[in-house]
Structures are given as C-alpha cells and as structure tokens.
Amino acid sequence: MDTSSPTVFVNPELLPMYVGRKVRAVVQVTQSDGEIKTGKSTDERQLIIKGLPQVPLMTHVGVIGIAESEQSLHAETWTNFGNTFDTQSYNQVCQLANGEFKGLFL
Amino acid sequence: MYGSQFDGGAAFSGGGFMPSQTTQAADPSFSSSKNREIQSLLPLTVKQIKEAFLLSDDKSNFTIDGVDVNNVTLVGMVCNRTGRITDVTFILDDGTGRIECNKWVQELVDSNEVEGILDGMYVRIHGHLKGFMGKRTLNVFSIRPITDFNEIASHFIDCIYVHLYNTRLRKLQGGVTTQQQMANSTSTPMKGSPAAPPHQFSGQYNVGQKNIEQMVLDFLQLPSSNADEKGVHCDVIARQLRVSMDKLMSSIQNLVEEGLIYSTTDDFHFKSTING
C-alpha cells in the first residue's frame, strides 16, 4: 500500500504551500486559450490550468497535477464533474483537509 | 418503563448495521461501540486505514479512533485495474493514499458490477479491511461508479464527522471509566452502558420522570458511588443531581422495582445492582 504521494486537496488560497507537489483542485473553466485554460476555482479565485484538452466552458473539472506556481498547475489527469457541483462544500473540505483534520488526509 | 420505548433491536433484527443491544432511556449514541456484536460501517480515507492500529497479528482486528474496523466505505479513483476469471484487482487512490482492492467475481451480478469499472473512474466502494503480513488490502463487496461528484466532498465530510464523533466518545469514556478499567482487568464488554455520561452533560437532559431515573442510575454507576459498601444516601443524590426529594424518591422507587438499584443498610441508602 503506497501512501508516499498523497495528492493534496487544494484551492488557490492553499496552492502556494504546495508548489512543486502533486495536488487536486476543482475549477470551473471560464476561458480557453489553446492549451491554457483559465478557470474559477472553488474559492472564487482564478487558476490557470495547463495541459487540459478541450472542455466545455462553465463545467466543473476535477484536475490532478503538479502545482507550477501559486496560481497555475499542470494537469495530468482530469475528470468532468458536471454542472451541479457544490463548490462551497468542496472548498470547506479543502480547508478542513489542510487545517484541523490534516492528519486524516496527509 | 420500557413499553413506550422504540425497540430498535427487535424492529431491525437481522441487519448487521443497527445497534444490536437495546439501551435504556439515554441517547443510544452514548453506548459503547466496543461491544463486539456491533459491526459498524466506517467511512474512511486510505490514510486512516494505513494508520489503523492492529490489535493482534494473527487476525485482522484493526481499530481506528478506538472503534473496531470491520466494514468500510471509501471513495476514490480506480487505477491499475486487472481482471481475471474469478476476481478483479485494482488500486484505489482517494488522494490520501492508495490501497489494493480485490473483488471476487462469482455470479453474473458480480461480473455486471465490475464490467463498467475502468481506470480513471471515480467509484464508491464498500468492503472489508484485511491485513496480511503488514499489508492492508480491501475485500470489496460492492463497487459502483460515481455519477454525482458531490459525493466525493460528501464522503470526506463523512470521514471527518465520524472521526470527530469517535474521538469525542473516547474522551467521554476515558474520563469516567479509567477507574473501572483498572478494577476490571479483563476486557469483556460490560452489560448496559458502561460509559455513564459525566455530569457536565446532565444539563442537556430535560427534567422528565424517565430522565431523572436515568440520572440517578448514572450517578449510582459512577465509581465514586460504588466505593462505599453502603452506597449513597438519597440526600446526597438529591443534592448532586439538584432534584426535589419527591421526584427523587419516586424515581428511586421505580428503579428498585426494576431491579436496577437496591437499598442497603436502611431505606435511605442505595446502590446500583450493575456495577456494585
């Protein structure tokens, strides 16, 4: 059983702590510029995702990838989470998973 | 006293996930979950499983947060799916770690279940945790793809909730029963509810007749009440619980009739029959 590389649940507020590491985030794609997608994250901030193929705008996408900088990440795998995703709950989970209940997740 | 109670054990008997013991008027969530007859389903992260404490090496008896781990439920992504004739093996990655899972395929319903499961899919798993030579694996009963992705956040919130619930229950029990544990050197489960809620919670109970009886019973089950052979004088009980003598005496009367407490040296001293 391998737990050597857990992928952290992040929102852009927490991203700076994990630059260079594998993370998971959920974004709502708002802009598409070829390979680079700009999205609105679960805490209403902007996030730049590289390496995403064409996704319909305004759908929520779960992305797993390496955090390149404080505001961007390079996607390795992605999943379409649809239109009915509750961003507020997910945002709360990110905060709890990195804060009070870090021991359960990392 | 018990006629008006909803007997959960009888109503749902046969199911493995309902409480199999009827508790008294108190909130059933305060009963000990260490009773081996109760098998609960725990939502967990892989990280929690990895850190689960193994009770004995020869059997798979894990505990997490002081609770026996039998059946678990996880949510994560399928990786390295390998299908064979009799079973399907895959790794489940939920973001906190990876665990090997195995699903036996014996009937048509099983093969239908696993047919649509592919690498990269998010799934919900129910299974039994097994340990062998230090390695922990999951024997999967049920697997289904996730269609509403809010289930992911929901599952992790569930894990946090259950973790908090169990650790708080442990603190409650630990504070009250340390003396009892020293007296009972074996770890056999005690009858009734071994963890009498401490007094700071008595404010939560409404002062109804049934609840006064419960308060009296809880008070008499405390180690301090049982220290003296004579038990406790009813004046002391009335003072401690802050109830009037009339209400107290009628509660005591009911409890004596039920056989839960008894009078000792005179009609004013009482002791509990359970932890006496």
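Protein chains get the first letters and strands the later ones, always in sequence-line order, with residue 1 at the start of each.
When heavy atoms are compared at a cutoff of 4.5 Å, Ile152(B) approaches chain A solely by way of its side chain, counted from C-beta outward. Heavy-atom distances place the side chain of Met77(B), and not its backbone, under 4.5 Å from chain A.
Rounding to the nearest 0.5 Å places CD1 of Ile160(B) at 4.5 Å from CG of Leu96(A). Distance SG/Cys159(B) to CZ/Phe101(A): 11.5 Å, rounded to 0.5 Å.
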Show your reasoning for whether salt bridge (Lys or Arg N to Asp or Glu O under 4.0 Å) applies to Asp93(B) and Arg24(A).
-> CA-CA 12 Å; Asp93(B) 183 345; Arg24(A) 329 188 144 211; 3.6 Å; yes

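Asp86(A) contributes no side-chain N or O that, together with a main-chain N or O of Asn150(B), makes up a donor-acceptor pair within less than 3.5 Å.
Interface remark: of the candidates Ile91(B), Ile146(B), Asp94(B), Asp94(B) forms the most heavy-atom pairs closer than 4.5 Å to chain A. Contact count against chain B (heavy-atom pairs under 4.5 Å) is highest for Thr79(A) among Thr77(A), Val8(A), Thr79(A).
Counting non-hydrogen atoms of other residues, nucleotides and ligands closer than 6.0 Å to CZ of Arg168(B) gives a total of 12 or fewer.
Nearest heavy atom pair, residue Ile157(B) against residue Val93(A), reads CG1-CG2, 3.5 Å. The heavy-atom pair separating Leu106(A) from Lys47(B) by the smallest distance is O-NZ, 2.6 Å. Across all their heavy atoms, Leu104(A) and Thr45(B) have their closest contact at O-OG1, 2.7 Å.
Remark: aromatic rings of Phe9(A) and Phe156(B) are close, center separation under 6.0 Å.
Taking the six-membered ring where the residue is Trp, Phe81(A) and Phe149(B) present parallel rings, their angle staying beneath 30° rather than reaching 60°.
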